[in-house]
Structures are given as structure tokens and as C-alpha cells.
Amino acid sequence: MSITISGVNKKFGDFVALDNVSVDLPTGQLTALLGPSGGGKSTLLRIIAGLEDADSGTVTIEGNEATHLPPQKRNVGFVFQHYAAFKHMSVAKNVAFGLEIRKRSKAETEKRVAELLELVHLSQFAHRLPAQLSGGQRQRMALARALAVEPTVLLLDEPFGALDAKVRKELREWLRRLHDEVQVTTVFVTHDQEEALEVADEIVVINDGRVEQVGTPDQLYDAPESEFVMSFLGPVTKLSGRLVRPHDIEVYTAPEDPRGKPGRITRLLRVGFEVRLIVELDEPEHPDVEVTVTRATQRHLHLEDGLRVWVAPTSGVRAISPVRVASG
Amino acid sequence: MIWFSLLVLIPLVAVLISAADLGAGGFWEVVSGPQTSAALRLTVLVSLGVTAVNVVMGTALAWVLVRDRFWGKRLLDIVIDVPFALPTIVAGLVLLSLYGPKSPLGVNAANTRVAVFLALAFVTLPFVVRTVQPVLETIDRDVEEAAASLGANRLTTFRRVILPSLVPAITAGAALSFARGISEYGSLVLLSGNLPGRTEVASVRVLTYIENGNRSAASAVAAILLLVALAVIVALDLIQRRLARRGQ
């Protein structure tokens, strides 16, 4: 295990940011710390980096006890949400910073900087100032700067949070490819479940200062251990008292399926390629069910407001097992 | 532009024209006279010294005001402006009662060059603090954290990451501080005693010349002060550009 965190607690005044957190993050993998804002995931990342001290508990990085090491001695690369660029230095100087601190020779530094700028596709911008770059380019520069010192682990705190949706998508695909190329143990914090599902090898879901579940994207999506994890990783709706994903519900215009429950479409909303339906069931408990169908299905079945329909969970579907309902 | 001309350019030119009445020989005679040249030298040297002190202490004070948390910080933040806001003659009185012959601190700096230094340091204190403080407030903590995680210790981080961002502000504050220093009158006349050749400063010289009806000579001294101010501001600008370029 590359990073081992055991029994870490952290309070800010009365606010409990981390409550007895223990988790192992595997070597060479891309791990996402996923959770809502204020859930403690950034605090955990900052504790790993040494930018924050844990009140109690230990952090081990590649077998070395690191709990009380200052950030300078941990050999971690850290990438911040708002780039943290050294504004008065050129892109090349930014990337060279860590190498110059380590007193590498000039020739070696230049060579390494050129390689890294190549890697992040910023070679032609080497002499620009950060202010002359776009947000996405600045974040790639920050990444190159963090990688320059050959860190044991690379930590990214909401790295794409400040970018617009399109650049964010491009950059996370690029991060995945970069990780496959560089193979450094990487941990990134995100509140965007799509980002985590798409990029990460492993996801640690953190909520209210606690680890909710650890697993691969498939494990989390298909076998969530709690209502929180299920609802955080994607849309959910209730059908017959069980949590189901809206796209895992079949809609019929006649009572074909014996499990089908009768109801009426009360609302129909088209969002791009999908159509969201609200079906009001005849049964008085949990009357409203949200269903997502494709545009093709909607047209094929002539679904419209007020139509009488029957809904049933798609047969053989994942994630319909009754979930342990979180207390409170 | 017209406003600027009326307010600044025309009076400046008028001073130069008035000084030109003397002719080159007369001009030289005035400014190289022992009493005047001593006053000019004292003014420039003490102003430079005070500016240097302000650059260090002002930056440190701004740092403390922005970064540290302590009881009375808000009060200190307001009090910093007092030397600037006080009418200079009041500042002079304050200094006289504090560092004069009847000093409660037992420090008698009256009629010495130290008095000139103290007075200038007192009135120019806010300049660097007030120019650096807002810039320091805009520097994100994550920049320092980034430097730390790249292995830089606190001193290196300050020298290589924070300081370069502060240089323009420090330079601006230094220029203001120096300009105020060479022009100061009110705060130092009481404490310094205006001893010719020892503690008399250029602005006092100017006044003396005018009181004696020698307006051209007063203008000559004024013209020298003007040139010095210009030279220092240009020099500071060059330093700033040079430092800015070094980072790239």
C-alpha cells in the first residue's frame, strides 16, 4: 500500500472534519476521494501532503512514517484547484522551481523541464507568464511543476473545479492518459461523481468526515453499501420502497409485466437525448416515481403527459437489491 | 491632461525658470555654498536611510498586519495612519515632547541629526505599509503551500515567491516615502533645531532664502530637490524592472 491512513481525526474548532478515518490507497493507481463539499475529503488530502496536521492518527507514505514530516520532506506533488501559479515566473521557471530547490544542475533541470513541458503539451508556451495561459493550460503547468520533483505520490485537490465543463472533460481524459503514461500513485479530490467514475481506478466515498465505502467504480455503482453512496453516485428514485436508478425502470403502455405497477405520467421533461418522466402510481405510498427513458423509447411508445402506464424495474438489473437505509 | 498641467507641470517649470534667473554660475554658487550643500546632502542621505528602513520595517509591519492574528490588530491597523494624518507640526510637537530635552523616555535627540532621522521615519512610516498591505492580502496561501510541497523552506519561499510579487508595491511605497522625506519640514523643525551645517535640511534652506528675499536661490535649491526626486523615482523604477525580469 502506497499511502496508509489510520485513525486520523481532525477538528476545526467545533467542526469535525475527519472522524477516525482509516483507508489504504494502493500504489500506482489513480484514486478518487469523492464526496460532497465540506465532507472532509480535501482535509484528508491536505493531511497526506502535510499542509494540515492531524489531531491524532498516522499517515504512512510508501512505508515511511510521515505523520510529523513537514510538507517539504514528504516528496509529494500537490496540485491546487486555483493553480497556485508563481505569477512572476515564466511557465518554464514554474516547472523548474522544485528542481532548483533541489540544486539540480542547470543542464539536468533544463532537460527535465523540456521533457515535462512536452508531456503536458506546453512546450511552445515555455516563456509565457501564467497570466497569459488559459485555465486548462495553467492547470497542466501546475501538474508539470508537481511532477518535476518525481514525487512518490501526486495529490490533486479538485484539480478541474475552476474550469468550464468542456475543458474539464478534456482535461480529465487527459489526466487518465497521463497517469497511464507516468504511473505515479495519484489521489484526486472531487465532488463530481461522473469525474470519479470516469477517471479513477478506485473511489473512496467520504461524507461527514467518515469513509462511506471504498471500491472500484463498478463496485460502488452496482453494489452501493448505503443509501448515501447509491444516491451520491447517480440519480435514484423509489419504487415499491426500494431505491432504483431512474434508467433501470421499464415503462409499459399495457399491463405486460406481472410486477408492473399502474400509474399515470404527470410530467415529461426532455433533456438532450433523454426524457425524464414523473409517474404518479395508483398506490398511495411513494406515489411519485422518476423514470428516465431514451428519446427513441418515448417516441416508440408515444409517451405523453397524462398517459396511463405500468412501471417495473428492468429485469436482471443491477443495484435494485434492497439497500440498507441509512439511519436518520 | 490640462488639469495635470495646471497643477503639476506649470509650477514645476516655473521653479526651473525662476532658478534659471541665476545663470549657471550663480546657480552653482548657491547650491555649492557650504551651508546649502550641507543641507542638501543631509536631506538626501537621511531620506535614503529612512526609505531603506521603511522598506524593511514597512514590509515586516504589513506582513504582521496581514498574516498574524493578535489582540489589538485592528487598532494597530488604524494607528499606522496616524503619522500620515497628523498635521506635520503636531507630529513635530509630539516628537519634541517625546525625544526632546524633557523626554519622559530619557532620550534627548533634540538638535542632532538623529532628530532629523526620527522625524522623517515617523512621518514616512505608513507609505510602504499601506502600499504592500493590499498586495499581500491578494497573495493566496496556496502559492506558499505549493512552494512548500516542492521542497522550499519558508525563507526561500518568501525570497523567491512572495517578495517578487511585492516588489512593485515596495518600490512605490519607497518612492513615496523618499519624496516625503526630502520635502519634510513641519515635523522636524522643532526637534532638529535647524543648526546650519549640522541639522538644517533643504526645505528649511528654501524658506530661509525666501525670507531673505532671495527667491532665485530658493528656486535653485528647489530645482535640485526636484532633480533628486526624479532621479530616485527613475532609479527605483529601473530596479523594479530589473527584478521583474530576473524571475522570467
Side-chain angles (χ1 to χ4, degrees), chain A residues 42 45-46 48-52 69-104 126-132 141-158 162, chain B residues 55 59 62-63 66-71 73 128 131-175 236-248:
Chain A
S42 281
L45 197 74
R46 291 171 60 81
I48 298 172
L51 299 175
E52 214 81 70
L69 280 183
Q72 288 90 343
K73 298 242 154 62
R74 296 201 183 191
N75 201 35
V76 298
F78 203 97
V79 174
F80 297 80
Q81 179 174 2
H82 296 287
Y83 328 122
F86 303 144
K87 295 188 182 76
H88 60 286
M89 294 185 198
S90 67
V91 170
K93 276 280 177 189
N94 262 277
V95 177
F97 188 84
L99 298 168
E100 285 173 2
I101 296 292
R102 283 166 174 70
K103 304 257 188 294
R104 299 284 164 79
H127 299 292
R128 296 244 185 124
L129 286 176
Q132 295 165 307
M141 178 195 84
L143 205 58
R145 183 177 67 182
L147 287 172
V149 299
E150 288 169 10
T152 335
V153 290
L154 180 62
L155 308 173
L156 306 99
D157 190 2
E158 300 259 6
Chain B
V55 163
T59 307
W63 181 271
V66 174
R67 287 301 169 79
D68 290 353
R69 284 196 200 146
F70 53 90
W71 191 87
K73 172 175 158 171
V128 174
T131 48
V132 170
Q133 197 180 3
V135 179
L136 205 52
E137 272 164 1
T138 64
I139 295 179
D140 293 323
R141 285 307 268 273
D142 59 7
V143 173
E144 285 161 65
E145 291 175 347
S149 77
L150 289 167
N153 60 33
R154 293 191 59 141
L155 189 68
T156 311
T157 303
F158 181 77
R159 192 171 57 80
R160 295 207 43 195
V161 177
I162 309 288
L163 199 55
S165 321
L166 297 182
V167 164
I170 293 176
T171 321
L236 283 172
D237 189 58
L238 286 177
I239 292 173
Q240 183 198 328
R241 278 161 200 270
R242 186 119 171 232
L243 288 175
R245 217 177 308 124
R246 212 177 58 177
Q248 291 177 36

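First the proteins, then the strands, lettered A, B, ... as listed; each starts at 1. As the structure is a prediction and not an experimental result, all values here were calculated from the model.
To the nearest 0.5 angstrom, B:D140 atom CG is 8.0 Å from A:H82 atom NE2. To the nearest 0.5 angstrom, B:T156 atom OG1 is 9.0 Å from A:Q72 atom CD.
Heavy atoms of B:R160 lying under 4.5 Å from chain A belong to its backbone as well as its side chain.
For B:R67, the CZ atom sits in a packed shell: over 12 heavy atoms of surrounding residues, nucleotides or ligands are nearer than 6.0 Å.
By the ring-ring contact (aromatic ring centres under 6.0 Å, His included) test, A:F78 is found to be paired with A:F80, residues two or more places apart in sequence or in another chain being considered. In this structure A:E158 satisfies the side-chain hydrogen bond (donor to acceptor under 3.5 Å, both in side chains) test together with A:H191, sequence neighbours excluded.
The shortest heavy-atom contact between A:A84 and B:D142 is CB-O, 3.6 Å.
Listed by sequence position, A:R145, A:A146, A:V149 are the residues of residues 144-157 of chain A in contact with chain B, using a 4.5 angstrom heavy-atom cutoff. Inspection of non-hydrogen atoms places B:E145, B:A146, B:A147, B:A148, B:S149, B:L150, B:G151, B:A152, B:N153 of residues 145-153 of chain B under 4.5 Å from chain A.
Residue with the most contacts toward chain B among A:R74, A:K73, A:R102: A:R102 (heavy-atom pairs, distance under 4.5 Å).
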